[in-house]
Amino acid sequence: MFGLVDCNNFYDSCERVFRPELEERPVVVLSNNDGCVVARSQEAKALGLKMGDPYFQVRPLIEQHGVVVCSSNYELYGDMSRRVMWYLQQTAPAVEVYSIDEAFLDLAGMTQHFDLGRWAGEVRGALRQRTGIPTCVGVAPTKTLAKLANKLAKTEFVGGRGAGVLVLSDEAERREALTRVAVEDVWGVGYRSAAKLHAVGVRTAAQLAGVGDAWARKNLGGVVGARLLHELRGFSCAGIVVEDEARKSLACTRSFGRPVTELADVAAAVASHATGAGEKLRRQGLAARLLTVFMETSRFAEVPPPYSFSAQLTMPVATDDTLTLAQVARKGLERIWRPGKRYVKAGVVLDGVERAGTGAQVSLFGDVGVTPERTGLMRAFDALNGRFGAGTVKVATSVAAPGQRQAWAMRRDAKSPAFTTNWGELWAVRC
DNA sequence: TCTGGGGTCCTAGGACCC
DNA sequence: TCTGGGGTCCTAGGACCC
């Protein structure tokens, strides 16, 4: 059996833990650059605000109803997520951290000894008490069914019914649950597949489970579709994946605060993203062999495609060295640079990720990349930024010329304090 | 004026290799 | 008349997830 623990309205719930005055009010959290709505409280959902709505479009509605607006505060959400995941890891035999607000639990072997419904209820209660975050739990024989059970548990819980837990333990319960979920709400059925399914009259998860395997293979992404049907029918096709073993790529990408036309500005952003990517690698003890640098123009402007330009470079040895990554990224950027365009986003993506130090090839030319001096330099770099704050030490090319504002800097006008990760922003309690 | 960021998996054609 | 099979690497894009 698999469990799926999913935090309710996660970003909103994180804000409410430290700002209880937001309780029962409509609240939205915006993406970087205050671009889109990415999280909504129940009250905000009731007003018709949708995931992904551009802020500038829904602003009148937000102001009309006095909706509280938060810029995204990933330091806070990341830290709250770690607390939730840590507790789950103390509690369940194996945990797959699926996203910032969700985890799959491997409950194999617990079926005979525990009442899983009761156990899941205790986990919910403990999480609420220890972290302040409300959750719902689905339990079922496959991951896809656990997601589906979670969805039903959440719908009932929000509607004032149910305990926030649903266990699908036998065939009758499984069949009944499938009839209550719309096909577009099944995990793995997106916008495109839903349209195809509607066109042939498939409306519910139960009907989807009954379509022919051949049809699914042809129309739902080949083997991906076939697996989906098996999982809905109760045959597990995917196990628990412990996160660290699984990481294959890693990225740092950002939209600019406003469109950028100069190479120096895009190059500064790219150097900053290469720095960020190097920090992520070292934090996780990883090194990468492939680096992709890309830049994009706006897909919403009246300019024909292409919108995206990228170059992938192979490094002689896997590296986690910021200066090497920044140099390689710069080389790639020069290769793809086209003047006369308004760029809105750039990024660095690392592939060919491996454990640092293991399996790393030795370069024929000896001194490429990993020297003790450079390893020491990076250690000092991380230590200084850790002690005195991110960005204390930077790559010079990422810094704007004296007196100039960074053309590409992000907008975050309504960010809450980093209540749990910054000494200067700790929550103040008056007695 | 203003439309996120970080992932996974899959496909496909051209260049190039043996 | 007749021109293989099996790879990797690169770029690009589609579909899906949270």
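Reminder, nothing fancy here: chain letters follow the sequence lines and each chain counts from 1. When reading the values below, keep in mind they use all heavy atoms of this one structure, side chains included, and skip hydrogens, waters and symmetry mates.
Note: NZ (A:K196) to P (C:dG14) measures 13 Å, nearest angstrom. Nucleotide C:dC10 holds its C1' atom 17 Å from the CZ atom of A:F294, rounded to whole Å. Distance, A:E184 CD to C:dC17 P: 11 Å, rounded to whole Å. What separates NE2 of A:H273 from P of B:dG5 is a distance of 8 Å, to the nearest Å. As rounded to whole Å, 18 Å separates atom P of C:dC18 from atom CG of A:D12. Whole-Å rounding puts the A:L49 CG to B:dT3 C1' distance at 15 Å. Rounding to whole angstrom units, CD of residue A:E102 and P of B:dT8 are separated by 16 Å. One can place CE of A:M295 at 13 Å from P of C:dT11, the figure rounded to the nearest angstrom.
The gap from the C1' atom of B:dC17 to that of C:dG4 amounts to 14 Å, rounded to the nearest Å.
No engagement by A:S308 is indicated, since no non-hydrogen atom pair under 4.0 Å with the nucleic acid exists. The residue A:V349 sits apart from the nucleic acid: no heavy atom pair falls under 4.0 Å. Counting non-hydrogen atoms under 4.0 angstrom, A:V353 reaches nothing in the nucleic acid. Contact annotation for A:Y98: backbone-only contact, meaning every heavy-atom pair under 4.0 Å involves sugar-phosphate atoms and none involves a base. Contacts of A:G190 with the nucleic acid, taken as non-hydrogen atoms under 4.0 Å apart, involve only primed sugar atoms and P, OP1 or OP2. At the heavy-atom level, A:Y191 lies under 4.0 Å from the strands shown only through sugar-phosphate atoms. Backbone-only engagement by A:L250 is indicated by non-hydrogen atom pairs under 4.0 Å involving sugar-phosphate atoms exclusively. Residue A:D34 is classed as having no contact, given no heavy-atom separation below 4.0 Å to the nucleic acid. Note on A:S298: nothing from the nucleic acid sits closer than 4.0 angstrom, heavy atoms only.
Residue-to-nucleotide proximity on DNA chain B shows that, of A:R254 and A:D351, the 5′-proximal contact is made by A:R254. Along DNA chain C, the nucleotide nearest A:P305 and the nucleotide nearest A:L290 are compared for position; the residue whose nucleotide lies closer to the 5' end is A:L290.
A:R254 places no side-chain N or O within donor-acceptor distance of the main-chain N or O of A:N32, the cut-off being under 3.5 Å. Side-chain atoms of A:N9 do not come within 3.5 Å of backbone N or O of A:D12 as any donor-acceptor pair. Under the 3.5 Å distance criterion, the side-chain polar atoms of A:R124 are matched with a main-chain donor or acceptor of A:A163. Of the possible donor and acceptor atoms, one in the side chain of A:R174 sits under 3.5 Å from a partner among the backbone N and O of A:L232.
Within the 4.0 Å cut-off from OP1 or OP2 of B:dG4, not a single side-chain nitrogen or oxygen of A:S72 is found. The phosphate of B:dG6 (OP1 or OP2) has no side-chain N or O of A:S99 nearer than 4.0 angstrom. Distances shown here put every side-chain N or O of A:S249 at or beyond 4.0 Å from the OP1 or OP2 atom of B:dG6. Of the side-chain N and O atoms in A:K248, one or more sit less than 4.0 angstrom from OP1 or OP2 of B:dC9. Residue A:S310 places none of its side-chain N or O atoms closer than 4.0 Å to OP1 or OP2 of C:dT11. A:S31 has no side-chain polar atom (N or O) that falls below the 4.0 Å cut-off from OP1 or OP2 of B:dG5. Applying the 4.0 Å criterion to OP1 and OP2 of B:dT3, one finds that A:K345 has every side-chain N and O outside that range.
Taking the side chain of A:V223 as heavy atoms from C-beta on, and the options C:dC10, B:dC10, B:dC2, the nearest nucleotide is B:dC10. Looking at the side chain of A:R227, the nearest of the listed nucleotides B:dT3, B:dC10, B:dG5 is B:dC10. Side chain of A:N32, nearest nucleotide from C:dC16, B:dG5, B:dC2: B:dG5. With C:dT11, C:dC16, B:dG4 as the candidates, the nucleotide lying closest to the side chain of A:Y74 is B:dG4. For A:K280, taking side-chain heavy atoms from C-beta onward, the closest of the listed nucleotides B:dG5, B:dG7, C:dC17 is B:dG7. The A:S193 side chain lies nearest to C:dC16 when the options are B:dT3, B:dG7, C:dC16.
A salt bridge links A:D213 with A:R233; the closest basic N to acidic carboxylate O contact falls under 4.0 Å. A salt bridge links A:R16 and A:E43; the closest N-O separation between the charged side-chain nitrogens and carboxylate oxygens is under 4.0 Å.
Taking the six-membered ring wherever Trp is involved, the centroid distance between the rings of A:Y307 and A:F294 does not fall below 6.0 Å. Taking the six-membered ring for Trp and the full ring otherwise, the centers of A:W187 and A:F104 sit less than 6.0 Å from each other.
Remark: C:dG13 base-pairs with B:dC10; criterion is Watson-Crick or G-U wobble with both hydrogen-bond distances under 3.5 Å.
Stacking of A:W187 onto the six-membered ring of C:dC17 is not present when judged by under 5.5 angstrom between centres and under 30° between planes.
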